[in-house]
Each structure stands twice: as structure tokens, then as C-alpha cells.
*Asks:* 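Have a look at the structure that comes next, please.
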Amino acid sequence: MKKVWLLMCAALMIVFIAACAGSGTGGGQEAGSDSGSSGGSSEGGGSDEGSSDGEIELRMSWWGSQARHDMTEEIITMYEEENPNVTINTEFSGFDGYFERMAAQASGGNLPDIMQQNFGEYVNQYAGEGLLADLGPYIEDGTINLEGVEDTVVESGQVDGTQVGIPTGTNAMMVAYNPEAFEGTDVEMPSNDWTWQEYMDITSGISEATGQYGVSYTEPDNFFEYYLRENGKAMFNEDGTGLGYEDDQLLADYFSMMKQQIDNEVSPDYSVVDQIQGLEDELITRGETSIHIKNWSNQFQTLQNTTDTPLEIAMMPGENNDQGMFQKPSMLWSIGENSEHKEQAADFINFYTNTVEVFEVIGGDRGVPIKPDVREALRESGLTEAQEKIFDYLDVVAENSSAPDTNFPASASEVLQALKDTDEMVMYGEMTPQEGAEHFRQEAESILSEQ
Amino acid sequence: MQQTHTEETQFPNTPKRNPSSKKQKKPVKDVDNKMGYLFLSPFIFGTIAFMLFPMMYSLYLSFTDFNLVGSPQWAGLANYKEMFTNDPVFWESMRVTFFYAGTAVPFRLIFALLIALVLNRVVEMVGIYRTLLYLPSIVGGSIGVSIMWRQLFGNDGAINSMLESIGLSGHSWLGDPNTAIWTLVILYGWQFGSSMIIFLAGLRNIPGIYYEAAEVDGGTPLQKFFRITLPMLTPVILFNVIMQVIHGFMAFTPAFIITEGGPVNSTLLYVLYMYRQAFQFFDMGYASALAWVMLLIIGIFTAIIFKSSDYWVHYDG
């Protein structure tokens, strides 16, 4: 019964927190206390009354690793030193549980002033409920300076034309490969303009030459989305009520390609993939494959740190990869619509976006800085080799990409789970690629019609 | 459970302690009542705030569409209708859960009974054995053991290493949809400790005279087991079966940690599916409906087992 109780208690907690918020003592960090220490910046349990003498208290929340927590606290301290009248109370946790807590605060009209948001269906959901402040005016009046940032990057923080978030940094899908494995073979290395045919030839060629896997198995949620974009289609249609492609042959072809890779032992199958535990355990880290297509560019550094030989980055395959590639906001900074200090919160976001020292602390942890002048200054002050590769790569992607899709419906994660389930069934041989493609369409349409 | 049961029944019989209290039936003063409620209040408050209210709230949510962020939208029976008519994953998880409960529960009970029978004979150092055999149940529900299990049955895990060292080829236990569920069944069976202790207590309660009588009549050990031990043990078996069936249906941690429901949903236990709906897809209304269906299923099963007990449980002796 325990698990049922757990769910019920979760439901109860939401009501409780909602009730607490209703009583008007909005400040402080009642829900953040479970996330451990909150550094030197918090003055615990503060209420809004302190703001009468120009003192401003902001609440800020994010998810991430312990390293990110420490670095973010450091950045907050920097900001507080520059703005002695501002105190920022912090709430942080791992990704698991973060959105449950934000949801509880949202239902109580008590979202943090500054909130780390997730790109995709998450931010769409919050924006759809009108919970996030419109940042457009702050960009216009210069509170948040986005001069020089590419339009597609700025737009990736918009939902239905409203600027509800500022990207914390950008990511892109990447192909990481180990050049040393190609030395002494006649197999060409992946390049920024390799076609799907070359992808098949190179992965199987290097697999044959090294006697190992040629390429890691790429799970479909991101890869198939890319595949669709590369074919001029999208995962979801414009208003998010259905799939964004009509022809099931696209998915069937994709499945056939992946299945062929597995059958030829160019890629590992799911029984291997499912047992990989984190980046440190990846096949390329263990030297069991030469090409790795799985992660986003902000993870390249960790991947490199755990791998003995230097790795290189290339763009995803396909003739139209400039159409398929996109710069994704790693995360977004948003401001709660209920915030009483939106101006100050916007000022913090501006500080985070435009201060070189911020990125000297945080590195690539929240993606590559969106401001070109910040990137330039960081290059001058010296980057690690891996960081430099990421920066160079993002520069290439910026030139050769189109805007990311933002039309994710609320049930996108359920649809992507269905895609992954279908992918497993096809790869295990329980369905043919054709059947799998039809099966996924049925599932997806059933899920999307529920709303 | 047993403990409290015996205490309750013994209390009125405690000698010389106000023997007439039952008959007197004095009108109880209000002030006594108030004191009583005062002492009960932490429990009453806890029950209402943390059990009754959340339960009722989740019942309400099960008739709504609620994504956590907005407010619940009344949806009538839509969630239930969706579940039964348009959700193949629901049926898949149902099938997996019934298979799991249907194999893991008997497996654990038989295992527990066998160990209890053996321990019942051991005389020396019985305390140490009991403790050692009980240990897996203490640590068993924890995340740590689940992680260990994943290592044991992993492709490069201990089981495969052992198989390879004796010349057999390894197997991808967790990666094969046909074997993954069995690793969970074995884990459930391995945590037999609490059932075993209860069986052991039941065995100790069987009076020796029956066995002596059987010996005089020349009964074989097998006859003794089936004619004496098993019938005398049926009340304890009933208790264990009910508890374990409930546990089996509610299993979550192993599937969540070891296999994450995969491969191909072959270990997608019901509660894990519920968790996904609630905390991955943020469909709280649907998850609540799932929870109530599970409650109903467990209720029906418990009722059936209780009813059937008239035919196989012996309370005499």
C-alpha cells in the first residue's frame, strides 16, 4: 500500500502548500528546506515585510548537480555584492522532484521570482497557464540586454509569441568521435557534411576495421526528431494536436536503418544500451565504440574528461543537416507572473546573461553563453581544449541550423515514451519497422486526442 | 500483527484486575471522554490529514483531468473509460503485475516455509541462523539491494561471470524480455524473512502430542507434514498469503531501479506505470484513477482469499 499512500501524500502536500501560500506570507523558502543547505545567501524564512526600506528579497530555483548548486551560489553571491539591497533566497534540487515542487508552488500562486525552466513541453505548460511573466518589455527597455544574440535563440524562449524565458545558454546535438580509432584505417572520419549513406558506410567501416561497435545506439526521442527535421518535417504539428508528418514510411525507414545497424552489430542492442550507467560508463568512454551519437554538446566536456583519448565533434549526418540541426536552449530563465519584483529579477537575468565572470564560474554547465561578446571574452581569457571545441562547434551550428521546434504539446513526454517503447519492440524483432511505424502513429494519436 | 492480537485477547482475562468491570457499565463521564479524545487526537488528526483526506482527494482527482500546474478539470468517467478501452499499456502492466504476483508470492511463501521447517529442527545457534536468514528482508526493500541486483544480473555481472567460469555462456538477463521479470521474482523470493519468522512461530505452536501420536501409529515424515503440519499451519498461511499478495501487487522499487519497466515493458509493474503517469507525464487524474482500480483489485483478491478460507483453513487445535 505504501506507494498508494505516497501518491496520496503528494496530493495532500500540494493542497497544504497551496493553503500556506494563500495566507500571504509568500516569501521565504518553505518548500526548499528539503533540498539541503542553501548556502550563505539565504536569510531563511524571510517575509515580504522587510522590503519597506528598499531591501528586496528574491526567490530563485533551479535543478542540477551539486556542482551546479555550488557554482550558482557563487554567482548569486557575486550579484548580491554588486546589489547590497538584494537578497536572493535559493531553492534547488535534482531534476527528479523539481517540477513536482514547482507545480505545487504554481497552484499556490507562489512561483519563485527567478525560475530555471525546461525547454519543450514544460515551459509550454507553464506559459499556457499564464504563470510566467512576459519578458518582452524588459528586453525592449534594455533591462535585459540581448544585443547580438541570434534571433532563433531569442525566439526559442518564446511561447505563442510571448517571451517567457531567456536561454541560459545553448546546446546542440552532436556526433562525438575518437580520431585515433580511424588512424591507420582507410575509413573516413565523420565530417560536418556527411550524408546518411556516409553515416552507414563509415559506422560499419570503422566497426569492421576495429572489430568493435562502430557507433553507439541512438535512442529515438531526439534522433528521430532530428531525422524528421532533416526531412523537412516535425515531430508534432503546429498546434500540437497531432504528429507533424503524414507518411509512416519515414519512421519505417528510420527503424529499418537502426535495425540494420544492430543486426550487423555496428550498434549495440538494447540489452547493452539499457545497462549503461551515465556518461562515465558510455561505450566510447570504455573504448568500445569509435563514434558516439547520443548526447548534447554541453555534455561533451564530461565525456572528454572520462575518456583517455581526445575526442572530436561533428554535426549530425544528412544532406539537409543545416535544416535538421538547431540550437536548443539548455534551459531557460523565467520570471513567475506572481513575482512582486519582476524588474529586479529581470536585472539578475541580465547580470547572468551578460557577465563574463558568471561564465568563468559556471563554465559550460548551462550551455554556451548566448551573447557573442561574452563568448569572445571567454575565448580570450582562455578555455580548456574541450570547451573550445564546444564553442567552435556551436559557432558552426549557429551558421548551419534552423530554429528549434517549440510546438510541444503537454503530453509530449508520453508520446516520446511511446516512441521509445515502439523502438524497443522493433529492435527486439517483435514488430517489423512497418508495423512499428503504424503502431506508433496509433499510440501517439490516441495520446494526443486525450487532451 | 500477531503480537497485538494476542495482547488484546489476553487483556480481559488478566486475573484479578477489576473482574467486575465488564458488568458494571457505569455511565461514562464526559470529562473522561474528552481526555480520551485528547489522547487520541494525534492519531485522529494524522488519520484524517494524511490518510482520509488524501484518499478522498485522490478519489476526486480520479474523475478529473489534472496536470499539477493548472486546476483540476472535471472529466467524469473519462479516465476510467480511457483506461479500459483505449490504453494497451494499462493492460500490459496489468498482465505483468498479475504474472509477478502470481509467481513471486508463491515462490516466496514456499521458500519461507521450507526454511522455517529447517530452522524448526535446528537447535544449536538457532538465533544466529534466524538473524542471518532474516537479514535480506531488512535490507531487501531498499534501493541499495535493487542496485546490487542490477549488478548481479548485468551483462558483466556476477551471475554471468560465474556461468562463464564453469564454461557456460552468459545471458543478458535484464536485456531479454523473457528473463527480466524473473530476476525481479527471484529478488522477491529472496526477501522471505518476515514470512519465514511468522511460519516459524506457527510451527512452534503446533503441540508435540500430535506428532507423538502419529509416531505411535507409524506415520511417515511425509504423512506427518501433510496431515499435521500443513493443516495446523493454515491460519498462519492465510495471514501470510494475504499480506504477501498485497505486497506483491504494490511492488515498485525493484522494477523502478533494476529494469525501469523494460525491456519492451516486460517488467512494467502496475505501480511503476502509475508513477510514470503521475510524475513523468504529470497526469495526476489518470494516475489517481489507476490507484483506485488497483485498490479495488487488491480488495477483491483479499475478499476472495478470505471467503475461500472457510474451505481450507482449520482453526481447531
Side-chain angles (χ1 to χ4, degrees), chain A residues 1-16 18 96-97 99-100 102-104 106-107 121-122 125-126 128-131 268-275 277 410-415 417-418 420-428 430-431 439 442-443 446-447 449-451, chain B residues 49-51 53-55 57-58 61 65-71 78 82 86-89 141 150 154-157 172-177 246-247 250-253 259-265 268 271-272 274-284 286-288 290-292 294-295 298:
Chain A
M1 297 298 282
K2 250 186 232 156
K3 304 306 166 192
V4 174
W5 295 132
L6 206 69
L7 287 182
M8 289 168 179
C9 289
L12 178 80
M13 257 182 54
I14 293 161
V15 176
F16 264 24
D96 289 334
F99 275 97
E100 282 89 318
M102 288 302 113
S107 60
E121 71 265 27
Y122 289 90
Q125 205 170 15
Y126 280 75
E129 301 279 346
L131 292 163
D269 62 15
Y270 264 105
S271 70
V272 176
V273 176
D274 280 343
Q275 293 187 25
Q277 318 228 332
S411 48
S413 57
E414 204 173 344
V415 174
Q417 180 72 43
K420 190 172 177 258
D421 288 349
T422 313
D423 190 59
E424 273 192 49
M425 285 190 267
V426 174
M427 296 313 141
Y428 272 106
E430 294 188 4
M431 281 182 186
H439 173 78
Q442 271 173 13
E443 292 269 292
S446 151
I447 293 165
S449 68
E450 270 171 47
Q451 328 169 30
Chain B
F50 297 113
M51 284 180 145
F53 177 73
M55 274 183 78
Y57 191 61
S58 111
L61 283 183
D65 191 8
F66 182 40
N67 65 8
L68 263 186
V69 174
S71 49
E82 169 73 19
N86 197 21
D87 186 356
V89 185
R150 191 169 63 187
N155 286 354
D156 308 322
S172 179
W173 304 103
L174 298 174
D176 181 345
I246 293 174
H247 264 254
M250 302 313 302
F252 171 77
T253 321
T259 55
E260 292 169 62
V264 204
N265 286 344
L268 186 69
V271 184
L272 179 59
M274 192 157 80
Y275 171 88
R276 262 193 201 168
Q277 285 291 345
F279 296 115
Q280 277 183 309
F281 309 152
F282 292 102
D283 199 343
M284 286 293 165
Y286 197 66
S288 295
L290 284 172
W292 279 89
M294 174 92 304
L295 187 75
I298 292 179

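Hydrogens, waters and symmetry mates are skipped; everything else that's a heavy atom, side chains included, is used. A note on names: the letters A, B, ... follow the listed sequences, proteins ahead of strands, and every chain is numbered from 1.
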*Asks:* Enter the distance from A:D421:CG to B:L268:CG here, rounded to the nearest 0.5 Å.
*Replies:* 8.0 Å

*Asks:* Examine whether an atom of A:Y428 lies under 4.5 Å from a heavy atom of chain B, and if so say whether it belongs to the side chain, the backbone or both; otherwise answer neither.
*Replies:* side chain

*Asks:* Looking at B:N86 and A:S446, what are the two nearest heavy atoms and their distance?
*Replies:* ND2-OG, 3.3 Å

*Asks:* Under 4.5 Å heavy-atom distance to chain B, tell me which part of A:V273 shows up: side chain, backbone, both or neither.
*Replies:* neither

*Asks:* Closest heavy-atom contact between A:S271 and B:G175?
*Replies:* CB-CA, 3.5 Å

*Asks:* Any heavy-atom pair between the side chains of B:N67 and A:E129 that's under 4.5 Å?
*Replies:* yes

*Asks:* Under a 4.5 Å heavy-atom cut-off, does chain A meet the side chain of B:E260, its backbone, both or neither?
*Replies:* neither

*Asks:* Rounded to the nearest 0.5 Å, how far apart are OG of A:S413 and CZ of B:R276?
*Replies:* 11.0 Å

*Asks:* Just so I understand: if I count every heavy-atom pair under 4.5 Å between each of A:M425, A:Q417, A:M102 and chain B, which residue has the most?
*Replies:* A:Q417

*Asks:* Select one option (side chain, backbone, both, neither) describing which atoms of B:F282 are under 4.5 Å from chain A's heavy atoms.
*Replies:* side chain

*Asks:* Contact part of B:D87 toward chain A, heavy-atom cut-off under 4.5 Å: side chain, backbone, both or neither?
*Replies:* neither

*Asks:* Could you tell me if the side chain of A:E424 sits less than 4.5 Å from the side chain of B:P263, heavy atoms only?
*Replies:* yes

*Asks:* For A:E121, is it the side chain, the backbone, both, or neither that has a heavy atom closer than 4.5 Å to a heavy atom of chain B?
*Replies:* neither

*Asks:* Apply the test side-chain contact (heavy atoms from CB on, under 4.5 Å) to residues B:Q277 and A:E414: give CA-CA distance (whole Å), side-chain angles for both, the deciding distance (0.1 Å), then the verdict.
*Replies:* CA-CA 8 Å; B:Q277 285 291 345; A:E414 204 173 344; 3.4 Å; yes

*Asks:* Where on A:Q275 is there a heavy atom nearer than 4.5 Å to chain B: the side chain, the backbone, both, or neither?
*Replies:* side chain

